[in-house]
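For reference, the structure is listed below as structure tokens.
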Protein chains: 10
Amino acid sequence: MVQAYMLIQTEVGMAAAVAEAVAEIDGVIRVDTVTGPYDVVVLTEAATVDHLGQAVVSRVQRVAGITRTLTCSILKI
Amino acid sequence: MVQAYMLIQTEVGMAAAVAEAVAEIDGVIRVDTVTGPYDVVVLTEAATVDHLGQAVVSRVQRVAGITRTLTCSILKI
Amino acid sequence: MVQAYMLIQTEVGMAAAVAEAVAEIDGVIRVDTVTGPYDVVVLTEAATVDHLGQAVVSRVQRVAGITRTLTCSILKI
Amino acid sequence: MVQAYMLIQTEVGMAAAVAEAVAEIDGVIRVDTVTGPYDVVVLTEAATVDHLGQAVVSRVQRVAGITRTLTCSILKI
Amino acid sequence: MVQAYMLIQTEVGMAAAVAEAVAEIDGVIRVDTVTGPYDVVVLTEAATVDHLGQAVVSRVQRVAGITRTLTCSILKI
Amino acid sequence: MVQAYMLIQTEVGMAAAVAEAVAEIDGVIRVDTVTGPYDVVVLTEAATVDHLGQAVVSRVQRVAGITRTLTCSILKI
Amino acid sequence: MVQAYMLIQTEVGMAAAVAEAVAEIDGVIRVDTVTGPYDVVVLTEAATVDHLGQAVVSRVQRVAGITRTLTCSILKI
Amino acid sequence: MVQAYMLIQTEVGMAAAVAEAVAEIDGVIRVDTVTGPYDVVVLTEAATVDHLGQAVVSRVQRVAGITRTLTCSILKI
Amino acid sequence: MVQAYMLIQTEVGMAAAVAEAVAEIDGVIRVDTVTGPYDVVVLTEAATVDHLGQAVVSRVQRVAGITRTLTCSILKI
Amino acid sequence: MVQAYMLIQTEVGMAAAVAEAVAEIDGVIRVDTVTGPYDVVVLTEAATVDHLGQAVVSRVQRVAGITRTLTCSILKI
């Protein structure tokens, strides 16, 4: 399994709506609205890196109300 | 009780209007227009973290004229 | 009365110690350790702008463990 | 007397027009177009902090062509 | 229960050591080394906001090798 | 006559000392300690651009306690 | 003679057009499209600081496609 | 042969489309969608610096959906 | 195979030495010194995400002279 | 001929010394101390990209007092 966090900035006041929509996407295993410079933190998971990209991350990025996403792959150092 | 500061940037010239609207919201216990990189500083309070989020912070974020909010939870370290 | 917020960044792990020391200073009416890009938020007050600068803000700035302060005067717009 | 500097960013090519309009406002005692990351630097003055905010700073902020203002109160440290 | 994410930057090459030390702290329920501008992402939890601050966040901040932490409280909006 | 503003950041707590030392330099016609992201704002003047650089700006830059200076030439647009 | 560099950011894909238009302006003695965070670097020159501002820098700033200009006066230190 | 990397930011959700279009351009020898603050990383190559600029980099910059490009020439140090 | 780019900042003048040392590490398939805000761009590869992290990325991060690394996983979107 | 600009930040007060040292280096055809966020702007030139990197840019980077260099290759777009 490969995983990645997505740190998401939304349009002002859209955090809840974005979080709700993101939670519906397969491969999203946790969604939280947060304080600080980001609005939503998402934990995503897929069988392969390609699947993570094409089936999860790209679908999250298409949710309305998102202004910027920062994807941080989980990498055992 | 849980509390949080909200550092707010507004559209140019909208600080006073935003401060006025924010002051009307339940759970907002102090509002100040300020100099520096932020335009308005708000002190918010609620019984629980959930209530703070859903009933106060999200309502403040929906005030017209706000371009960016940075919520800083008060956390006794 | 004139007032100002001070948004303070501290060395990692020094937020509590800084907050404690700042709370001792005359003219400091509220101190909170917070989450987000700042570590401590201070509300200061003095009779005049000069007094605020010389007797409060400059004394806060000399507290050990502070790396950066951002003073935001409260200004009724 | 209380004073404050305002560091102003304008839309590209609007510095001269903004400076001209700002110079007309009571409480503005000096206006300069400058090089560097800011376009206009304004020195403002008023009898009280409230007056500075309500009668000077907020009026400057409403001048057309301004994209961002950074107000720095003059504070004798 | 209250929760918060901590986005951590470490000295170059120290991510693994920091993650290992953080994982030992009570109240830390998940630790991941990640790619991107942050090096370690931590999910923390405690019974109360105070406990989260004093017993978890402040202990994480004292782990050697950390240069900056950004705490984002989880807030249902 | 040519003029320039210098926006100065100092080590924490050094604003007053820097302002005092800068005020002694020929060609410095105004010095203010300020709130916000800068600590000291200086207005400098000289007969020629070369003189401004060599006799004023460079001498200000050598004052102890300064961490960064941003010189903004005054340019009639 | 007084001189200044202008570091220019343009809308994506507009660097060539901006450079071409800028090259036509009196007082512009060198124009280069470049890699890195800026798109165009311009070297400007005029008899006096005022002339540099009013006849050169302000005319460059009015060229279509420019999103941000950063003027750096050449100052013999 | 001269080469350069282009670090590209796209509108949210447009990374795949941009990568596909860029891959069609002569002189582009590698295109990858990536995580982190950039969305697409492109490796470009041409016989001369001029050709790299006029025939490759400028054509990449005109692909729809790109918001910012940062070109980093490969330079044997 | 999984791949990632590493954008590396080095101490001033250390780019060549860092590039040379990084090139020796297994899993590094391309190293370039570049212009712009980064000094070295590295393309890394490994059989699994874990191996990429533990055997390649973490070893690159331990090369002397590196001040900051930004790892961007290659993710087919 | 290939050319590049180098935008250089120096330690406070070191601009003149750095400019003087840089001017001695073969391949440096212009050096200016400037106002704004950079301290020195250098125009470099060499027969080939490799020579520019190895014989000019890397030698400039080794001049004492430089804290950061940003090299912008001149690229006809």
Please report the closest heavy-atom contact between [X] and [Y], naming both atoms and the distance.
X      : Y      : answer
I66(E) : V12(C) : O-CG2, 3.9 Å
T35(C) : T71(E) : CB-O, 3.2 Å
P37(C) : L70(E) : N-CD1, 3.3 Å

Separation between CD of E11(C) and CZ of R68(E), rounded to the nearest 0.5 Å: 10.5 Å

Distance in Å, T69(E) OG1 paired with D39(C) CG, rounded so as to fall on 0.5 Å steps: 6.5 Å

Part of residues 45-52 of chain E lying next to chain C, heavy-atom separation under 4.5 Å: none

Region of T10(C) that comes under 4.5 Å of a non-hydrogen atom in chain E: backbone

Contact origin within R59(E) toward chain C - heavy atom pairs under 4.5 Å: neither

